[in-house]
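Reminder, nothing fancy here: chain letters follow the sequence lines and each chain counts from 1.
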There are 2 protein chains.
Amino acid sequence: MAWSKDDSKRRGYHHGNLREVLVAAAMDLIAAKGPAGFTVAEAARAAKVSPAAPYRHFRDRDALMAEIALRGFESFAEALGQAWNDGKPHPYRAMENLGRAYLAFARTQPAYYAAMFESKLPPDANPDLGKAGDRAFAVLRQACEALCDLMPADKRPPALMMSLHIWALAHGIASLFARGDAARRKIPMAPEDLLEAGILLYLRGLGIEGL
Amino acid sequence: MAWSKDDSKRRGYHHGNLREVLVAAAMDLIAAKGPAGFTVAEAARAAKVSPAAPYRHFRDRDALMAEIALRGFESFAEALGQAWNDGKPHPYRAMENLGRAYLAFARTQPAYYAAMFESKLPPDANPDLGKAGDRAFAVLRQACEALCDLMPADKRPPALMMSLHIWALAHGIASLFARGDAARRKIPMAPEDLLEAGILLYLRGLGIEGL
DNA sequence: GGAATCATGTAATAGATGCTCACATGGCTT
DNA sequence: AAGCCATGTGAGCATCTATTACATGATTCC
């Protein structure tokens with residue numbers, strides 16, 4: 001057992017790991033009480049540190065929120081990428097996995113999802129945020145292109161429009177039916193099945209028949 | 001020119017119209033700075049009233065927000081109902097109007113939309129809210145049923161699922177592309193056209209061909 | 001090894017907010 | 001006209017964001 005620096009027990013005048021602990025505490029608070037329920041002061045208390053300490057690591061509340069959103073988009077892109085898995089075993093099947101992964105992320109990572117989509121961050125705050133978001137979206141777009149390639153060249157729909165439709169559908173279902181308090185709207189089927197059916201019907205409308 | 005009671009110039013120790021003025025002020029603030037940017041104190045200042053006065057009319061900040069959301073849902077149902085117009089001149093065309101009305105509402109009534117969908121109100125706060133939301137959704141569901149009726153009885157899709165899909169798609173597009181700061185995500189077509197195309201393709205997937 | 005430096009913590013504070021209380025006012029009912 | 005009571009005020013507490021001056025100790029450089 002090494003007494004390494006990142007040992008969480010490490011305490012003294014200098015915390016040694018405050019930035020990470022603050023992010024973790026903020027995420028716990030967001031997950032528990034929504035993006036509005038998180039306060040810098042409470043995160044500081046959770047880290048057993050004075051209320052001023054967080055401002056050594058984040059310019060303001062928004063900067064901490066943006067950090068969470070940034071990590072969220074990276075984690076999101078990773079999760080979607082794994083679900084897509086280069087279109088294996090088959091693009092159609094992989095697209096279904098992608099949809100499930102979208103909703104699974106929204107549900108299992110409420111803090112990330114809230115910071116990414118519900119935090120109303122000023123757009124110009126962090127240009128990296130936009131880039132990270134684009135990378136996540138790129139996975140979806142790539143999947144749509146692979147599906148388009150199943151079609152004869154003269155019948156291919158525009159992959160960009162297609163990816164926007166599927167993104168919006170997934171995001172709408174996640175926001176309305178799959179997240180915490182929104183789940184109060186009771187619907188007669190699991191959000192995952194709703195999304196899968198929606199994508200299936202949409203693809204059929206495009207002329208992309210299953211499997 | 002009558003000096004009626006609801007004359008906005010009316011001032012004395014008693015305001016006479018505070019509740020309405022507070023709602024209007026709060027909506028202005030929400031429209032300008034998002035749901036998080038509205039404070040009771042600032043609404044009170046806008047109404048030229050002490051910071052404690054609003055609490056005679058609303059139990060707390062959430063109650064004021066809920067009042068706005070409630071009015072929003074009523075206005076929303078009204079707007080959707082007019083757009084649908086009993087399915088005239090044709091259910092297919094009327095559904096297009098419905099989609100446009102959805103996005104138009106999200107854009108022209110940012111305060112209502114934010115209070116309705118982005119305010120994270122505690123669900124048990126106001127049962128009327130759920131009812132009002134259901135009434136708005138009922139318009140969409142009715143429209144889907146009318147479209148289903150165009151199909152042979154043995155091929156009709158479930159109208160509820162259909163309405164959930166279209167609602168989610170419209171809400172997703174509104175949230176991601178059609179609202180204020182979200183409009184920073186630049187896409188190569190108007191949100192209205194994106195939604196119309198999405199609905200058209202989805203309906204085609206259901207076997208409902210246009211017009 | 002020791003001193004200067006710099007990152008990272010604290011204490012104290014200002015200004016804003018949510019919300020509550022006791023009290024003031026004056027419109028409305030009787 | 002008298003009094004009830006809805007509605008507004010003033011004062012005040014607890015909390016939060018953010019800043020400033022100061023304290024501490026890890027790191028670097030001679």
Next item on the list: Kindly give the heavy-atom pair with the smallest separation between A/Met161 and B/Ala197, and that separation in Å.
Entry: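 Closest approach of A/Met161 to B/Ala197: SD-CB, 4.1 Å.
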Checklist line | Closest approach of B/Tyr92 to B/Ile208 (non-hydrogen atoms, all atoms of both residues) | finding: CE1-O, 4.1 Å
Notebook entry, point to check: How does protein contact run along nucleotides 14-24 of chain D, one letter per nucleotide 5' to 3', with B for base contact, S for sugar-phosphate only, - for none, heavy atoms under 4.0 Å?
Noted result: --SSBB-BBBB
Check: Would you say C/dG9 has OP1 or OP2 under 4.0 Å from some side-chain N or O of A/His57?
Finding: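 Answer is yes, contact under 4.0 Å.
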Item checked: Salt bridge present between A/Arg100 and A/Glu96 (N-O < 4.0 angstrom) ->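 Answer for the salt bridge query: no.
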Note to self: For residues 59-82 of chain A, which residue pairs pass the ring pair (Phe, Tyr, Trp, His ring centres under 6.0 Å) check, not counting sequence neighbours?
What the structure shows: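 Listed by first then second residue: A/Phe73-A/Phe117, A/Phe76-A/Tyr102, A/Phe76-A/Phe105.
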Please set out all donor-acceptor pairs under 3.5 angstrom arising from side-chain atoms of residues 35-46 of chain B, sequence neighbours excluded.
| unit_1 | atom_1 | unit_2 | atom_2 | d |
| --- | --- | --- | --- | --- |
| B/Thr39 | OG1 | B/Glu42 | N | 3.0 |
| B/Glu42 | OE1 | B/Lys33 | NZ | 3.2 |

Notebook entry, point to check: Rounded to whole angstroms, how far apart are CZ on A/Arg19 and P on C/dG9?
Noted result: 12 Å
Margin query: Distance check needed: D/dT7 P versus B/Leu18 CG, whole Å only.
Written below: 10 Å
